[in-house]
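One-based numbering, in listed order, for ligands and for the atoms of each. The structure presented is a predicted model; accordingly, all values stated were derived computationally and were not measured.
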Amino acid sequence: MKRTKVLHLLSAESPIEELLVKGWVRTRRDAKGFSFIEINDGSCLANLQVVADTTTPGYDMVTKLSTGSAVTIIGELVNSAGKGQKWEVQARKIEVISVAPENYPLQKKRHSDEFLRTIAHLRPRTNKYGAAFRIRSELSWAIHKFFREKGFCYLHTPILTGSDCEGAGEMFQVTAMDLKNIPKNNGRVDFEQDFFGTPANLTVSGQLSAEMFALALGEVYTFGPTFRAENSNTRRHAAEFWMVEPEMAFYELSDNMDLAEVFIKHLVLHIIEKCSEDVALFSKFVDKTLMTTLENIIQNNFVQLPYTEAIDILLKSGKTFEYKINFGTDLQSEHEKFLTEIHFKKPVIVYNYPKTIKPFYMRVNDDNKTVAAMDVLVPGIGEIIGGSQREERLDFLESRMEELGMEKAPYWWYLDSRRFGSAPHSGFGLGFERLLMLVTGISNIRDVIPFPRTPNSIEF
Ligand code: 4AD
Ligand code: MG
């Protein structure tokens with residue numbers, strides 16, 4: 001007999017005479033002569049109630065079925081007399097696959113997130129984390145679907161790279177050299193003897209590669225892991241996170257901002273519609289304001305606000321911020337939160353940042369002070385997207401690199417794209433985990449990544 005998943009049994013339209021279901025025991029209650037066993041198989045949040053009585057073959061084992069045990073059940077799907085569920089299974093046969101002993105750590109109904117991080121290998125078995133990772137999966141599909149329907153080409157950009165896209169020096173180096181015996185030349189590390197013959201690192205962004213392909217295929221996107229050795233132990237930074245990076249030829253900054261807005265709205269709506277049961281769990285137990293936040297995002301136009309105006313608002317706010325703000329300083333999380341949560345109470349796209357705080361590739365505006373950058377800020381998270389129109393003019397790009405003291409030679413291929421048929425183009429990067437935090441109300445990035453990597457944490 002073929003196994004049926006709990007999700008399909010619970011949404012059945014009519015009774016089923018014989019079925020096979022497998023899963024893990026969430027709880028067991030015994031009454032006189034029979035037992036109720038709640039089974040979960042991960043296909044959905046809800047459990048399937050199984051009723052077994054003393055005449056059910058295998059019943060002697062039922063009393064040993066502890067939380068976490070794995071079972072096979074053959075039975076009949078019948079209308080449930082119990083409250084809160086339409087269907088239940090009358091067991092005809094129960095087989096125990098394995099019993100989880102008493103020291104199974106997930107006995108209690110609710111554990112703290114901090115505790116569950118210490119058992120990251122078991123936490124997907126809880127309601128909350130099961131829901132979070134089902135949403136993570138659905139959201140990934142939704143991203144591909146969005147771009148596919150818009151005719152974007154899905155591009156796999158390299159994870160091992162020789163260049164630093166963001167220029168922030170936050171890269172993990174990659175080497176095949178023996179660290180106990182590093183080859184040296186004149187006292188310096190001799191990278192010529194390393195695997196690639198040059199220093200290599202894990203990518204911080206697929207953007208530079210994506211630009212090359214946007215200038216060939218028109219509209220592309222990459223979606224993959226990126227790595228940053230930022231030593232910031234915050235609730236929204238991880239050392240390994242996933243980024244979605246669309247890159248579009250012939251788009252200017254305003255087209256880029258519009259796409260970012262449509263994209264976020266589309267994804268939020270998709271999750272509300274497709275993961276309603278899981279989202280309901282988060283709005284009940286994790287963040288009571290979740291639905292209001294999500295509806296706010298779908299229903300309102302995002303504010304488009306030049307950086308200088310953002311600074312004015314912050315200066316006039318009368319608030320004392322931990323980090324002082326003036327023209328030329330980068331927005332810190334507290335400033336982002338003020339703008340999006342308190343002042344505008346909706347998503348805000350800040351654009352035209354001072355060039356001094358942004359990377360080399362952003363297009364310099366006519367004022368020669370600002371660049372065509374944009375950051376999307378959302379309530380509860382702050383910056384969720386960073387992007388820009390790219391500098392397509394070779395002479396501007398080169399002088400920007402010189403200004404920043406960058407060595408041009410390693411970027412010869414990037415500069416080539418500005419030599420041969422250069423064209424205006426734009427793109428952005430969306431932090432996938434930050435979006436997950438937004439749609440679930442989960443407040444720590446460590447809790448939306450299966451096995452998070454943060455400073456001093458790579459156990460699992
Ligand atoms: O603003 P960032 O640094 O932009 C770029 O890397 C561009 N090259 C993207 C592009 O234009 N194609 O990063 C983009 C987004 C941020 O807005 C944030 O959501 C997320 O990536 N992000 C992080 N998420 C988790 N942990 C970190 N350490 C993150 N750093 C950035
Ligand atoms: Mg950024």
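- Around atom NZ of Lys22, no more than 12 heavy atoms belonging to other residues, nucleotides or ligands sit under 6.0 Å away.
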Legend entry - Residues Leu314, Leu331; criterion side chain to side chain contact (heavy atoms under 4.5 Å, CB included); working and verdict: CA-CA 10 Å; Leu314 292 165; Leu331 300 185; 3.8 Å; yes
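- Closest to atom 18 (C) of ligand 1 among all protein heavy atoms lies Arg434 NH1, 3.6 Å.
- Interface atoms of ligand 1 facing Gly386, defined by a heavy-atom separation under 4.0 Å, are 1 (O), 9 (C), 10 (C), 11 (O), 17 (O).
- More than 12 heavy atoms of other residues, nucleotides or ligands shown are found within 6.0 angstrom of CD on Glu114.
- Aromatic rings of His144 and Tyr154 (six-membered ring for Trp) have centroids within the 6.0 Å cut-off, being under it.
- In summary, the aromatic rings of Tyr221 and Phe263 are positioned with their centroids too far apart to meet the 6.0 Å limit.
- The distance from ligand 1 to the heavy atoms of Ile385 drops below 4.0 Å at these ligand atoms: 17 (O).
- Applying the side chain to side chain donor-acceptor pair (under 3.5 Å) test to Asn231 and every residue at least two apart in sequence or in another chain returns nothing.
- In the vicinity of Ser205, heavy-atom distances shorter than 4.0 Å reach the ligand 1 atoms 6 (O), 8 (N).
- Around the NZ atom of Lys274, the shell of radius 6.0 Å holds no more than 12 heavy atoms that belong to other residues, nucleotides or ligands.
- Heavy-atom contacts from other residues, nucleotides or ligands closer than 6.0 Å to CH2 of Trp141 number 12 or fewer.
- Within the cation-pi definition used here (under 6.0 Å to the ring centroid, within 45° of the axis), Arg418 qualifies as a partner of Tyr414.
- At a threshold of 2.8 Å, the Mg ion (ligand 2) has a backbone or side-chain N, O or S atom of Glu383 nearer than that distance.
- The aromatic ring centres of Phe147 and Phe223 sit 6.0 Å or more apart.
- Considering backbone and side-chain atoms alike, Glu166 places an N or O below 3.5 Å from some N or O of ligand 1.
- On a distance-only criterion, Ala238 and ligand 1 share at least one N/O pair closer than 3.5 Å.
- Looking from atom 20 (C) of ligand 1 to the surrounding protein, the closest heavy atom is Gly431 CA, 3.6 Å.
- Shown here is Gln173, whose CD atom has no more than 12 heavy atoms of other residues, nucleotides or ligands within 6.0 Å.
- Annotation for ligand 1: atoms under 4.0 Å from non-hydrogen atoms of Tyr361 are 7 (C), 8 (N).
- Considering both main-chain and side-chain atoms, Cys165 never comes within under 3.5 Å of ligand 1 through any nitrogen or oxygen pair.
- Near Arg236, meaning under 4.0 Å from any of its heavy atoms, are these atoms of ligand 1: 25 (C), 26 (N).
- Glu230 OE1, 2.8 Å is the protein heavy atom nearest to atom 28 (N) of ligand 1.
- Heavy atoms of Phe428 found under 4.0 angstrom from ligand 1 belong exclusively to the backbone.
- Counting atoms of ligand 1 from 1 in the listed order, those under 4.0 Å from a heavy atom of Glu245 are 8 (N), 9 (C), 10 (C), 12 (N).
- Side-chain rings of Tyr307 and Phe327 approach one another, their centers coming within less than 6.0 Å.
- If you take OG on Ser205 and OH on Tyr361, they are separated by 6.0 Å, rounding to the nearest 0.5 Å.
- When only non-hydrogen protein atoms are considered, atom 1 (O) of ligand 1 lies nearest to Glu383 OE2, 3.0 Å.
- With distances taken over non-hydrogen atoms, the option nearest atom 29 (C) of ligand 1 out of Tyr221, Phe241, Phe227 is Phe241.
- Given atom 15 (C) of ligand 1, the protein heavy atom at minimum distance is Gly429 O, 3.5 Å.
- Of all the heavy atoms of Met243, the ones lying under 4.0 Å from any atom of ligand 1 belong exclusively to the side chain.
- The shortest N/O to N/O separation between His237 and ligand 1 does not fall below 3.5 Å.
- Shown here is Phe250, whose CZ atom has no more than 12 heavy atoms of other residues, nucleotides or ligands within 6.0 Å.
- In terms of N/O distances under 3.5 Å, ligand 1 is not approached by Ile445.
- The distance from ligand 1 to the heavy atoms of Arg390 drops below 4.0 Å at these ligand atoms: 10 (C), 11 (O), 12 (N).
- Closest to atom 19 (O) of ligand 1 among all protein heavy atoms lies Ile384 O, 2.9 Å.
- Checked by distance only, ligand 1 and Arg228 come closer than 3.5 Å through their nitrogen or oxygen atoms.
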